[in-house]
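Written below as structure tokens is the structure these notes are about.
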Amino acid sequence: MSIVKSLQQCAIESLPALFDQSFTEKDFQVNQTKPEFEGDYTVVMFSLVKSLKLSPDAIGNQLGEHLTKNYPHLFTKFNIIKGFLNLTVADDYWMELLNKNYNDICYGKKEMNGKKVMVEYSSPNTNKPLHLGHLRNNFLGWSVAEILKANGYEVIKSCIVNDRGIHICKSMIAWQLFANGATPESTKTKGDHFVGEYYVKFNDVYKKETEELIASGKTKDEAEKEAPVMKATQQMLLDWENGKPEVMELWKKMNGWVYAGFDVTYKRIGSDFDKVYYESNTYLLGKDIVQQGMEKKVFYRKDDSSIWIDLTAEGLDEKIVQRRDGTAVYITQDIGLALQKYEQYNIDKSIYVIGNEQNYHMKVLQLICQKLGMPNAENIFHLSYGMVELTTGKMKSREGTVVDADDLVDEMIATSKQHTEELGKVKDFNEEELKELYDTIGIGAMKFYLLRVDPKKTMVFNPEESIDFHGFTGPFVQYTYARIQSILRKAAGNEQWAVGNGQPAMTIDSMTNDLLKLEKELIITAEQYPAAIEQACIELNPSVIANYIFHLAKTFNSFYTEHSIANAETEEKRQLRLKLSLLTANIIKSGMHLLGIVLPERM
RNA sequence: GGUCCGGUAGCUCAGUUGGAUAGAGCAUCAGCCUUCUAAGCUGAGGGUCAUUGGUUCGAAUCCAAUCCGGAUCACCA
């Protein structure tokens, strides 16, 4: 049990003895004591004033007396300042924690809870390469999946690939018209970038053609419909739907190029999936559902024979679920896939990592699923994240301001190489080791940068800031870890330290002298790790972990500069500090893993 | 126009179910490498928490109104 919970429990047990009333956890608001006051944790008395009809200080005095008297192994001292009861936690309690609950704190892992969750993320289109926004999505999805696992859920990572439709045909048409048989191999271009170039080409040509038509007297609408390249594209979509062999072949060939490119990127950034859905397989799903919806009278048919659902009672609009020509719309496929997920995996919860531009769509999807009586429809959860903007404004593909994922990764790695070379600390590394280190730091910096912000919020990507490796960054945390490993290596090789195997003594006897301020601060912070994991899970928010780990690393660095481990005052102090260092390193490794960030042993 | 989200230091962000003098990082300035990795540490300056009103012992946090920014409201996906 965490110290905060223990404190609340003690208070719940104490107060009835004093005042003949019963209380719950919620009555006791516990905060960490502000540094300017004496004590470790603080209970706010104001919330009790009304029910007890006493002054805050009076209640605090009685509770403080009672706690220190009845729980001396937990609380040694108290003071009251303006209605705040500050309690000092016994050193022995912290020592016991280091001895007995060491592993619980290091990894914060909960028992399996028997619940199964699917996390769908990434969801790329096969007509262009991944960009900065996809990176936020990928890092978020992966991290949230790991956070759920750490909290005892069984997790299935899934991905829906949007591999068909008019936008895919656009790049296909452009390739047919302009490529002269060029391939990624012949041009030495990464497959997804290669295909993306033809998507851009399509838009250039399309724009030119519509402008010419408008110049010749057509309206904008007419021009957009009649542009030859668009007509060809629409024909190609029909041909695709009819399975025309040469179109299918081209489609498979070009998508194959894109997948080869994506594989490289996914591997570099460490994204993986347990199940990949392809829209070309799922786009016909949902047709049966329309039928069921008609029978259940959830849907209704309009005069032109299109099918709708009325969500005006829920404050939304009427939504079409089937066109008058009988074909399914986007949302119908989504309903079908949502149902298939439940049927195939029997999941308890279905999380969708999708940008907040689709908030409305996802709300509609969930409502329809509920109205259709789908099992667990109330456990569909849209993990809605904010857009990534640039300091100059939004990313716009038409204006060429999109930050490409591969370019960004390259830049981050190049920057980490440059910094590492300037510092010159790993001159004995061979080429392979260096390459691995540059990747670890560069990609770690990028992930941390994108995950340290609350997912819900729109965030600004500042290129200069993102390659900064000081302060609240991934490399700062990695550096702290590498520092600790350096100490532990030294300890392992030094017989004077009396820890031959590199591990500090697992049991530290009660200290003969008090814990120093920074030692205690480090233990207190470490003890909060399991609570951080839990909070991150409740909020599905990796930034909780990022903020926590940064705070821990900072606390360690202060401790490290202030107190020598090698030249500790006594042998027991040295053992304690070694143990605290190892504890910190283990938490950092565990927490950074939840963010998908790898740690170097040296840097 | 309807709905939803946001506005905290020059910049990027934290800020728990309302709690003590609103915190970090970057940037600026001043210090610290003979001792376990200076990608570090210590300190300083920097705030009308968009505005106004309300709720109460207490509001950045809750409520209302207003201002500003964004998203969305397709027989597109």
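Below, chains carry the letters A, B, ... as their sequence lines are ordered, and counting in each starts from 1.
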### Task
Fill in the dot-bracket string of RNA chain B, one character per base: . for unpaired, | for a pair to another strand, ( ) or [ ] for pairs within the strand, taking Watson-Crick or G-U pairs under 3.5 Å.
(((((((..((((.....[...)))).(((((.......))))).....(((((..]....))))))))))))....
### Cation-aromatic face contact A/Arg164/A/Tyr283, 6.0 Å, 45 degrees
yes
### Query
B/A38 base to A/Thr561 side chain: any donor-acceptor pair below 3.5 Å?
no
### Task
Determine the contact category for A/Thr420: base if any of its heavy atoms lies under 4.0 Å from a base atom, sugar-phosphate if only primed atoms, P, OP1 or OP2 are that close, otherwise nothing.
base
### Whole angstrom value for the distance that separates P of B/U35 from NZ of A/Lys490
10 Å
### Query
If you measure from the P atom in B/G19 to the same atom in B/U61, how many Å do you get, rounded?
10 Å
### Interatomic distance where CG belongs to A/Leu423 and C1' belongs to B/C33 [whole Å]
14 Å
#### Entry: Any N/O donor-acceptor pair, A/Asn86 side-chain to B/A20 base, under 3.5 Å
yes
### Task
Have a look at A/Arg452 and say if it touches a base, only the backbone sugar-phosphate, or nothing, with a 4.0 Å heavy-atom cut-off.
sugar-phosphate
### Query
Can A/Phe84 be classed as stacking with the base of B/A20, given a centroid separation cut-off of 5.5 Å and a plane angle cut-off of 30°?
yes
### Query
Picking from A/Gln535, A/His551, A/Gln32, what satisfies side chain to side chain donor-acceptor pair (under 3.5 Å) with A/Gln528?
A/Gln32
### A/Tyr560 OH to B/C33 P, straight-line distance once rounded to whole Å
15 Å
### Query
Roughly how far apart, to the nearest Å, are B/U16 and B/U12 at atom C1'?
22 Å
#### Entry: Audit row: A/Met254, A/Ile168, side-chain contact (heavy atoms from CB on, under 4.5 Å) steps and yes/no
CA-CA 9 Å; A/Met254 290 185 73; A/Ile168 306 299; over 6 Å; no
### Message
Any base atoms under 4.0 Å from A/Ser486, or only sugar-phosphate, or nothing? Heavy atoms, all strands.
### Response
base
### Query
Do the rings of A/Tyr330 and A/His361 sit parallel, tilted or perpendicular, given the 30° and 60° boundaries?
parallel
#### Entry: Ring geometry between A/Phe23 and A/Phe28 (parallel below 30°, tilted from 30 to 60°, perpendicular above 60°)
tilted
### Query
Base, sugar-phosphate alone, or nothing: which one does A/Phe37 contact when heavy atoms must sit under 4.0 Å apart?
base
### Message
Using the P atom as the point on both nucleotides, what is the distance between B/G10 and B/C49, in whole Å?
### Response
12 Å
### Query
Separation of A/Lys363 atom NZ from B/U3 atom P, in whole Å?
11 Å
### Task
Could you tell me whether A/Met459 contacts a base, only the sugar-phosphate backbone, or nothing, with contacts defined as non-hydrogen atoms closer than 4.0 Å?
sugar-phosphate
#### Entry: P atoms of B/G6 and B/C13, separation to the nearest Å
14 Å
### Query
Would one find a side-chain N or O of A/Lys82 under 4.0 angstrom from OP1 or OP2 of B/U21?
yes
### Query
Does B/C62 fall in syn (glycosidic angle within 90° of 0) or anti?
anti
#### Entry: From A/Thr415, A/Thr420, A/Ile413, residue fulfilling side chain to side chain contact (heavy atoms under 4.5 Å, CB included) relative to A/Ile441
A/Thr420
### Message
Does B/A14 have its OP1 or OP2 closer than 4.0 Å to a side-chain nitrogen or oxygen of A/Ser543?
### Response
no
### Message
Heavy atoms only, 4.0 Å cut-off, all strands: where does A/Glu279 land among base, sugar-phosphate and nothing?
### Response
sugar-phosphate
### Query
OP1 or OP2 of B/C41 sitting under 4.0 Å from any side-chain N/O of A/Arg483?
no
### Nearest-Å distance once atom P is located in both B/U51 and B/A59
15 Å
### B/U37 phosphate, OP1 or OP2, under 4.0 Å from A/Arg489 side-chain N/O
no
### Task
Take atom CG of A/Asp468 and atom C1' of B/C13, then tell me their distance rounded to the nearest Å.
14 Å
### Query
Does NZ or CZ of A/Arg452 come closer than 6.0 Å to the centre of the six-membered ring of A/Phe550, within 45° of the ring's axis?
no
### Message
Here's a test of your reading of the structure: between A/Val44 and A/Leu437, which maps to the more 5' nucleotide of RNA chain B?
### Response
A/Val44
### Nearest-angstrom distance from the residue atom CZ of A/Phe550 to C1' of B/G40
12 Å
### Message
Using a 4.0 Å heavy-atom cut-off, does A/Asn356 contact any base of the nucleic acid, only the sugar-phosphate backbone, or nothing at all?
### Response
sugar-phosphate
### Message
Below the 4.0 Å mark, does B/U72 have OP1 or OP2 next to a side-chain nitrogen or oxygen of A/His361?
### Response
no
### Query
Residues from residues 313-320 of chain A sitting under 4.0 Å of RNA chain B, heavy atoms only?
A/Asp317, A/Ile320
### Query
Should A/Lys579 and A/Glu519 be marked as a salt bridge (Lys or Arg N to Asp or Glu O under 4.0 Å) after you check the CA-CA gap, both sets of side-chain angles, and the distance that decides it?
CA-CA 11 Å; A/Lys579 187 145 188 176; A/Glu519 292 167 339; over 6 Å; no
### Task
Select base, sugar-phosphate, or nothing to describe what A/Thr42 touches, counting heavy atoms under 4.0 Å on all strands.
base
### Message
What contact category does A/Phe476 fall into here, base, sugar-phosphate, or nothing, at under 4.0 angstrom with non-hydrogen atoms?
### Response
sugar-phosphate
### Message
Would you measure the distance from the P atom in B/A9 across to the matching atom in B/G54 and give it in whole Å?
### Response
25 Å
### Query
Which part of the nucleic acid does A/Ser47 contact within heavy-atom distance under 4.0 Å: base, sugar-phosphate only, or nothing?
base
### Message
Regarding A/Asp454, tell me which of base, sugar-phosphate or nothing describes its non-hydrogen contacts under 4.0 Å with the strands shown.
### Response
sugar-phosphate
### Message
Measuring only the C1' atom in each nucleotide, how far is B/C67 from B/C11? A whole number of Å is fine.
### Response
23 Å
### Message
Can you confirm whether the side chains of A/Thr126 and A/Asn255 place a donor and an acceptor under 3.5 Å from each other?
### Response
yes
### Query
For A/Tyr548 and B/U16, what is the distance between atoms OH and P respectively, to the nearest whole Å?
18 Å
### Query
So what does A/Lys457 hit on the nucleic acid, given a heavy-atom distance under 4.0 Å: a base, only sugar-phosphate, or nothing?
sugar-phosphate
### Message
Between B/G70 and B/U8, how far apart are the two P atoms, rounded to whole Å?
### Response
15 Å
### Query
What do you reckon, do A/Phe46 and the base of B/G19 stack, with centroid distance below 5.5 Å and planes below 30°?
yes
### Message
Exactly one of A/Glu572, A/Arg577, A/Glu571 should register a side chain to side chain donor-acceptor pair (under 3.5 Å) with A/Gln575. Which one does?
### Response
A/Glu571
### Task
Determine, step by step, whether A/Arg602 and A/Ser486 satisfy the side-chain contact (heavy atoms from CB on, under 4.5 Å) criterion, reporting the C-alpha distance in whole Å, the side-chain angles of both residues, the deciding distance to 0.1 Å, and the verdict.
CA-CA 7 Å; A/Arg602 285 179 57 193; A/Ser486 170; over 6 Å; no
### Task
Find the distance A/Leu390:CG to B/G69:P and express it as a whole number of Å.
20 Å
### Query
Closest nucleotide of RNA chain B for A/Phe472 versus for A/Val460: which of these residues is on the 5' side?
A/Val460
### Task
State whether A/Lys34 places a side-chain N or O below 4.0 Å from either non-bridging phosphate oxygen (OP1 or OP2) of B/A20.
yes
### Task
Kindly determine whether A/Thr391 and A/Val460 satisfy side-chain contact (heavy atoms from CB on, under 4.5 Å), including the steps that lead there.
CA-CA 6 Å; A/Thr391 42; A/Val460 175; 3.9 Å; yes
### Message
For a quick check under 3.5 Å, do A/Asp57 and A/Ser55 share a side-chain donor-acceptor pair by atom type?
### Response
no
